[in-house]
Structure formats: C-alpha cells, structure tokens
Novice: 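Okay, handing you the structure first.
Excluded from the calculations below are hydrogen atoms, water molecules and symmetry mates; all remaining heavy atoms, backbone and side chain alike, are included. None of these values were measured; they are calculated from a predicted model.
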Amino acid sequence: MPQRDLVLILARDLADKLASAAFLVDHDGTLLYFNERSAEILGRTFAEMGEAKMDEWARAFTPTDLEGRPLSPEETPLVRAVLEREPEHQTLRIRGADGESHDIEVTAIPLFARLDDFVGALAVFW
C-alpha cells in the first residue's frame, strides 16, 4: 500500500473521532475510510465496503434529490469537491445498502497538503 499523505492520515483520525458521519477520499476519489456513524446511515461498515473507486462508492448508496430524481455522481457534493477542488454542500437522499432511505445534509471540503497540493476530500453528513 502506498504511503498516505499526512493530511489524509490526520483526516482519517479526525473522522474516526467525530460523532457526525464522515467519509474520506483521496485525490482520485478513492474511498479511504468512513466512520461508524456513516455505517449506521449507509447500511454497511467500512470493513464490509473497503477501499473503493469513486464510480463504485458514488453509486453504491443510490443518491437522489429530495423528489427522488437520481443524481449522477458529479451532482453529489463529495464528487464535486474532488473534481472542482471547492467546498460543496447539498441536501439529498440516499438509499443505504440495507435498503433504508435517509435524507441527509452533506458538506464536503477539499483537503490540501499545501496551497496547490490537493490530496483528497472529506464529507461530513447528518
């Protein structure tokens, strides 16, 4: 496994300690971690999901708008934060792996090791 940037290591540690749901990806959008609170909403644990490419995890939880219209991955805050390297926020609905639907607020922020060194993104949702 390649050495992770210190910012991603610290972000994972932060996500693990948060009471809020948190989801961490690297600069390519590969899922690196989500915490226990996320697992309650997503209907599966990180141990069950494991690291996953962006196209896998972005579709795994069936995102829709609040009217039920399917959202493409590019319409979700975390993917937009990775692609645009800008903070994003949105209210949306997801269906977890357990079949349960949840209306959630998502705030995604890009993570930089230095000013121009984008290393990933962190989404917090509730």
Novice: Considering all heavy atoms of both residues, which atom of P70 and which atom of T64 are nearest to each other, and what is their separation?
Specialist: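 Nearest pair, atom of P70 first, then T64: CA-CG2, 4.0 Å.
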Novice: Please find the pair of heavy atoms, one from I41 and one from A21, that lie closest to each other, and give the distance.
Specialist: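 Heavy atoms of I41 and A21 come nearest at CD1-CB, 4.0 Å.
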Novice: Could you grab the distance from atom CD of E51 to atom CZ of F46, nearest 0.5 Å is fine?
Specialist: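 One gets 5.5 Å once the value is rounded to the nearest 0.5 Å.
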Novice: Do D5 and D26 touch side chain to side chain, with heavy atoms closer than 4.5 Å?
Specialist: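 Result no, sub-4.5 Å side-chain heavy-atom pair not found.
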Novice: Can you name the closest pair of heavy atoms from S20 and V124 and give their distance?
Specialist: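 Looking at all heavy atoms of both residues, the closest pair is CB-CG1, 3.8 Å.
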Novice: Can any side-chain N or O of D65 pair as donor or acceptor with the backbone N or O of L71 at less than 3.5 Å?
Specialist: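 Answer holds: no.
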Novice: Nearest 0.5 Å, please: how far is CE in M54 from OG1 in T30?
Specialist: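 That separation rounds to 7.5 Å.
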Novice: Below 4.5 Å, heavy atoms only, C-beta onward: do D103 and R93 meet side chain to side chain?
Specialist: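 Yes. Closest side-chain heavy atoms under 4.5 Å.
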Novice: Scan E74, Q90, E75 and name whichever one has a side chain to side chain donor-acceptor pair (under 3.5 Å) with R80.
Specialist: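 Exactly one pass, corresponding to Q90.
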Novice: Minimum heavy-atom separation for A121 to A81, with atom names?
Specialist: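 That would be CB-CB, 4.3 Å.
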Novice: Could you walk me through whether K17 and D13 pass salt bridge (charged side-chain N to carboxylate O under 4.0 Å, His left out), step by step?
Specialist: CA-CA 6 Å; K17 291 173 176 42; D13 188 55; 2.7 Å; yes
Novice: Before you tell me yes or no, could you show the steps for M49 and L42 under side chain to side chain contact (heavy atoms under 4.5 Å, CB included), namely the whole-Å CA-CA distance, both residues' side-chain angles and the distance that decides it to 0.1 Å?
Specialist: CA-CA 10 Å; M49 179 85 180; L42 300 174; over 6 Å; no
Novice: Can you tell me how far apart CZ (R37) and CZ (F125) are? Round to the nearest 0.5 Å.
Specialist: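 With rounding to 0.5 Å, CZ (R37) is 8.5 Å from CZ (F125).
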Novice: Give a yes or no on this: more than 12 heavy atoms of other residues, nucleotides or ligands lie within 6.0 Å of atom CD of E36.
Specialist: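 Counting neighbours around CD of E36, 12 or fewer heavy atoms of other residues, nucleotides or ligands fall under 6.0 Å, so no.
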Novice: For V79 and P73, work out which heavy atoms get closest and say how close.
Specialist: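 Residues V79 and P73, closest heavy atoms: CB-O, 3.1 Å.
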Novice: Please report the interatomic distance CG(L14) to CG(L24), rounded to the nearest 0.5 Å.
Specialist: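 The CG atom of L24 is 9.5 Å from CG of L14, to the nearest 0.5 Å.
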Novice: Hey, what do you get for CD1 (I94) to OG1 (T62), rounding to the nearest 0.5 Å?
Specialist: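 OG1 of T62 is found 8.5 Å from CD1 of I94.
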Novice: Go through it in stages, so that I can follow the logic: the residues are T76 and V106, the test is side chain to side chain contact (heavy atoms under 4.5 Å, CB included), and I'd like the CA-CA distance, side-chain angles, deciding distance and then a yes or no.
Specialist: CA-CA 9 Å; T76 62; V106 181; over 6 Å; no
Novice: To check you understand the geometry: which heavy-atom pair defines the closest contact between V82 and G29, and what is its length?
Specialist: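 In this case the closest contact between V82 and G29 is CG1-N, 4.2 Å.
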Novice: Atom CG of L10 and atom CG of L122: how far apart are they, to the nearest 0.5 Å?
Specialist: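 Interatomic distance, L10 CG to L122 CG, rounded to 0.5 Å: 12.0 Å.
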Novice: Mark yes when over 12 heavy atoms from residues, nucleotides or ligands other than R95 sit less than 6.0 Å from its CZ; otherwise mark no.
Specialist: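 Open: at most 12 neighbouring heavy atoms sit under 6.0 Å from CZ of R95.
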Novice: H27: what forms a side-chain contact (heavy atoms from CB on, under 4.5 Å) with it, not counting sequence neighbours?
Specialist: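 Once residues adjacent in sequence are excluded, the partners of H27 under the side-chain contact (heavy atoms from CB on, under 4.5 Å) criterion are F118.
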Novice: Would you sort out whether W57 and F23 count as a ring pair (Phe, Tyr, Trp, His ring centres under 6.0 Å), showing the intermediate values?
Specialist: CA-CA 11 Å; W57 64 257; F23 199 97; 5.0 Å; yes
